[in-house]
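A short worksheet on the structure shown next.
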Amino acid sequence: MDGRAVPIILDVDTGIDDALALALAVASPRVDLVTVTTLAGNVDVERTTTNTLAVLDWLGASSVPVHRGASRPLVRPHQDAAFVHGTDGLGNAELPISDRALGPTRGPAEIVRLANLRPGAMTLICVGPLTNLAIALNVEPRLPDLIDRVIVMGGAFSVPGNVTPAAEFNIYVDPEAAAQVFAAPFKQLIAIGLDVTQQVVLPRSMWEATTGATEAAPTLVSRICRRSFVERDLDAVQLHDPLALAVAFDPMLVGCIPAQVSVAIEGEERGRTRVVGPGSVAVASTVDAERFMRLFTEALALPGV
Ligand code: BDR
Ligand code: CA
């Protein structure tokens, strides 16, 4: 990749680790955050949208447009992850509420609009359920030719799932959407699943070191991760979505296998992602965790531990 900033549409269900992906996008000179689209996932779409606006404003990025997207999966009721992310989706961090207006178009329509406006230029990163992208694909069947790359945080290929033994959350919530996305002829579709994201974590010591921080990104980390470390008593917060974001400007962070991916739709297997043969999806199977952590801590100016 050349040194230019990558133009990115970031599709989020903010969410603690989504907020950290937003922070990395805002902080990295290698990212041109063109727009952010939201949808129901970790919590309902009203909250993921409110959270996204609040996080961007907190980070001084209130000029980045936010477009509200899907309020539920394609064909089934929405199931959230408030247990993990808190009832407000941000670890009950109580960030100031943003008063700015949303973008005038809905999330999927904005993806289609930008893809047509800048054909072959945009990288779309989806770090929530794949509903917005599936809708966009149905509205604009030429989308795979118009988008340069799609990076998906989703799937559990060689490791157990995190919502059922079979499934990772983003795929489980909307398996019909995921099946459509993995079957679409994108020029580059990269799947960043739990196989690699569970290897990149923000340890308790790093969170503790943010106590008393005054800069925007470290204070965001301090506030949104508090519940995970204090009330949930976790040792670490997994950095699923920030890793997917980082792959956009540092693809060598992960090693991939070229695969055809199937998605199970129903029953106990619902949401299971499988490699069923060679194909055009790049499924991440290895990660340089040290390199990612260096990049992440430097970009967010997190205190050394
Ligand atoms: C994914 O699910 C969500 O809870 C996280 O934000 C991440 O996108 C991990 O399975
Ligand atoms: Ca997410």
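Atoms within each ligand, like the ligands themselves, are counted from 1 in listed order. Numbers here are sequence positions counted from 1. Excluded from the calculations below are hydrogen atoms, water molecules and symmetry mates; all remaining heavy atoms, backbone and side chain alike, are included. All of these numbers come straight from a predicted model, not from anything done at the bench.
Ion pairing between a basic and an acidic side chain is recognised when a charged N comes within 4.0 Å of a carboxylate O; Asp233 and Arg227 show no such pairing. Under the 4.0 Å criterion applied to side-chain N and carboxylate O atoms, Arg223 and Glu94 are not assigned as salt-bridge partners. Salt-bridge check for Arg272 with Glu168: failed, with every basic side-chain N at 4.0 Å or more from each acidic carboxylate O. Between Glu266 and Arg76 a salt bridge is recorded (basic side-chain N to carboxylate O distance below 4.0 Å). Using a 4.0 Å cut-off between charged side-chain N and carboxylate O, Asp57 and Arg100 make a salt bridge. Using a 4.0 Å cut-off between charged nitrogen and carboxylate oxygen, Arg68 and Glu110 do not count as a salt-bridge pair.
Interface atoms of ligand 1 facing Phe169, defined by a heavy-atom separation under 4.0 Å, are 2 (O), 3 (C), 4 (O), 10 (O). Which parts of ligand 1 touch Met153 is read off a 4.0 Å heavy-atom cut-off, strictly below it: atoms 1 (C), 7 (C), 8 (O), 9 (C). With ligand atoms numbered from 1 in the order given, ligand 1 contributes 6 (O) to contacts under 4.0 Å with heavy atoms of Asp18.
Shortest contact from atom 3 (C) of ligand 1 to any protein heavy atom: Asn42 OD1, 3.1 Å. Taking atom 8 (O) of ligand 1 as the reference point, the nearest protein heavy-atom neighbour is Asp241 OD1, 2.6 Å. Nearest to atom 5 (C) of ligand 1 among the protein's heavy atoms is Asp17 OD1, 3.1 Å.
The nearest N, O or S atom of Asp17 is not closer to the Ca ion (ligand 2) than 3.0 Å.
Nearest N/O/S atom of Asp13 with respect to the Ca ion (ligand 2) is recorded as OD1.
Of the heavy atoms in Val127, only backbone atoms (N, CA, C, O) come closer than 4.0 Å to ligand 1. No part of Val84 comes within 4.0 Å of ligand 1, judged by heavy-atom distances. Residue contacts with ligand 1, taken as heavy atom pairs separated by less than 4.0 Å, involve His85 solely via side-chain atoms from C-beta onward.
For the ligand labelled ligand 1, residue Asn162 lies inside the 4.0 Å heavy-atom shell.
Ligand 1 has an N or O atom lying under 3.5 Å from an N or O atom of Glu168, backbone or side chain. Residue His240 has no N or O atom closer than 3.5 Å to an N or O atom of ligand 1.
The 12-atom threshold is not exceeded at CD of Glu268, counting heavy atoms of other residues, nucleotides or ligands nearer than 6.0 Å.
The Ca ion (ligand 2) lies at the vertex of an angle of 90° between the O atom of Val127 and the OD2 atom of Asp241 (rounded to 10°).
Looking at Val276 and Val261, their side chains never come closer than 4.5 Å, going by heavy atoms from C-beta outward.
Seen from the ring of Phe83, Arg232 counts as a face-on cation partner, given the 6.0 Å and 45° thresholds. Tyr172 carries Arg270 over the face of its six-membered ring, with the cationic atom under 6.0 Å from the centre and within 45° of the normal.
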